[in-house]
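Heads up, the thing below is written out as structure tokens.
Residue numbering restarts at 1 for every chain, and letters A, B, ... go by the order of the sequence lines.
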There are 2 protein chains.
Amino acid sequence: MDQAVRSAVKAATADCDRNAWDAGNCPVRDVMNRISGKWSTLLLEALAEKPHRFGELRRLVPDISQRMLTQTLRDLQRDGYIEREVFPTKPPSVEYRMTPLGRSLFGPLSKVLAWAAENHDAVRAARRSFDDAGLA
Amino acid sequence: MDQAVRSAVKAATADCDRNAWDAGNCPVRDVMNRISGKWSTLLLEALAEKPHRFGELRRLVPDISQRMLTQTLRDLQRDGYIEREVFPTKPPSVEYRMTPLGRSLFGPLSKVLAWAAENHDAVRAARRSFDDAGLA
DNA sequence: CAGGATCCCTCTAGATACTG
DNA sequence: CAGTATCTAGAGGGATCCTG
């Protein structure tokens, strides 16, 4: 980890200390809380590629309930990561697309997702050996 | 986002598709689920700097309960991100430290944490304007 | 000191049904 | 098509007491 990143993280940590790690004032927790939802990263991943309509997103993430799809999209929109555009056709259609802020987040975030894909086996192996050691 | 990252993410997505985004088989969800816990990133942040004992960690993250500290540490250990070493002194002391796997995760992850620190204000602004628009 | 065990509660997320 | 409303189960998380 280079020095620039290290000091940025340290600054964030310092903020948390001053505010007793209050969720609302700690940048790390405030931002992570949202992107760490069960579906957030999957939707960001889908919308990072290109804009999608509601129904398309539902098909891209088959096991999401329509309630959680709506809610997660609204949360992402509220934090400024995605935009919602309504086309007053009949029947109506709605398109979701990433904002510049969302793209700027997805840059670093995608690196973590890539890490997950590359190291998934290592994690599963660690998990197995932990369980086999009887510490489960 | 460069091409290497893009294709790695795409590969992960493809895996998820084949398995209907099953939590156990989707690398993204499997890894993100753990590091997205309420306390995981804060503890990784603390242990990235240097090893710490149980009591030190508790002081570093004042508002964590001892139950959640124990549980989160065990989860991180199970996935191979941190190590636990017991020193049979009297009274006993236990030290936690990051593993190579943990460090390799924390590289990309720290970039996201830095992003959170830098863009926290932008997110809060987006949130306010969303709420003021009456869409809350 | 570093936890384990227990009780309890909130909040998230899923299922189902209905609407402009 | 793209949602909203309601109900409910279950996980995540907290408080407290106990122990090697």
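One interatomic measurement links the two molecules: CD of A:Glu95 to P of D:dC1, which rounds to 16 Å at whole-angstrom precision. Rounded to an integer number of Å, the gap from A:Leu43 CG to D:dA2 C1' is 15 Å. Rounded to an integer number of Å, the gap from CG of A:Leu69 to C1' of C:dA13 is 13 Å.
Smallest separation of non-hydrogen atoms from B:Met98 and B:Ala48: SD-CA, 3.9 Å. The two residues B:Ile35 and B:Tyr81 make their nearest non-hydrogen contact at CG2-CE1, 4.3 Å. The nearest pair of heavy atoms linking B:Glu56 to B:Arg53 is OE1-N, 2.8 Å.
Checking the phosphate oxygens (OP1, OP2) of D:dC1, no side-chain nitrogen or oxygen of A:Tyr96 falls inside 4.0 Å. Of the side-chain N and O atoms in B:Arg74, one or more sit less than 4.0 angstrom from OP1 or OP2 of C:dG4.
Out of D:dG3, D:dA2, C:dG3, the shortest distance to the side chain of A:Arg84 is found at D:dG3.
Counting heavy atoms from C-beta on, the side chains of A:Leu105 and B:Val123 never come closer than 4.5 Å. Using a 4.5 Å cut-off on side-chain heavy atoms (C-beta onward), B:Val112 and A:Met32 make contact.
The end-to-end axis angle of the helix from C:dC1-D:dG20 to C:dG20-D:dC1, rounded to 10 degrees and based on five pairs per end, is 50°.
B:Arg58 comes within contact range of no nucleotide atom at all, as no heavy-atom separation falls under 4.0 Å.
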Pairwise N/O distances under 3.5 Å, protein to nucleotides 14-16 of chain C:
from, atom 1, to, atom 2, distance (Å)
C:dG14, OP1, A:Lys38, NZ, 2.6
C:dG14, OP2, A:Trp39, NE1, 3.2
C:dG14, O6, A:Arg67, NE, 2.9

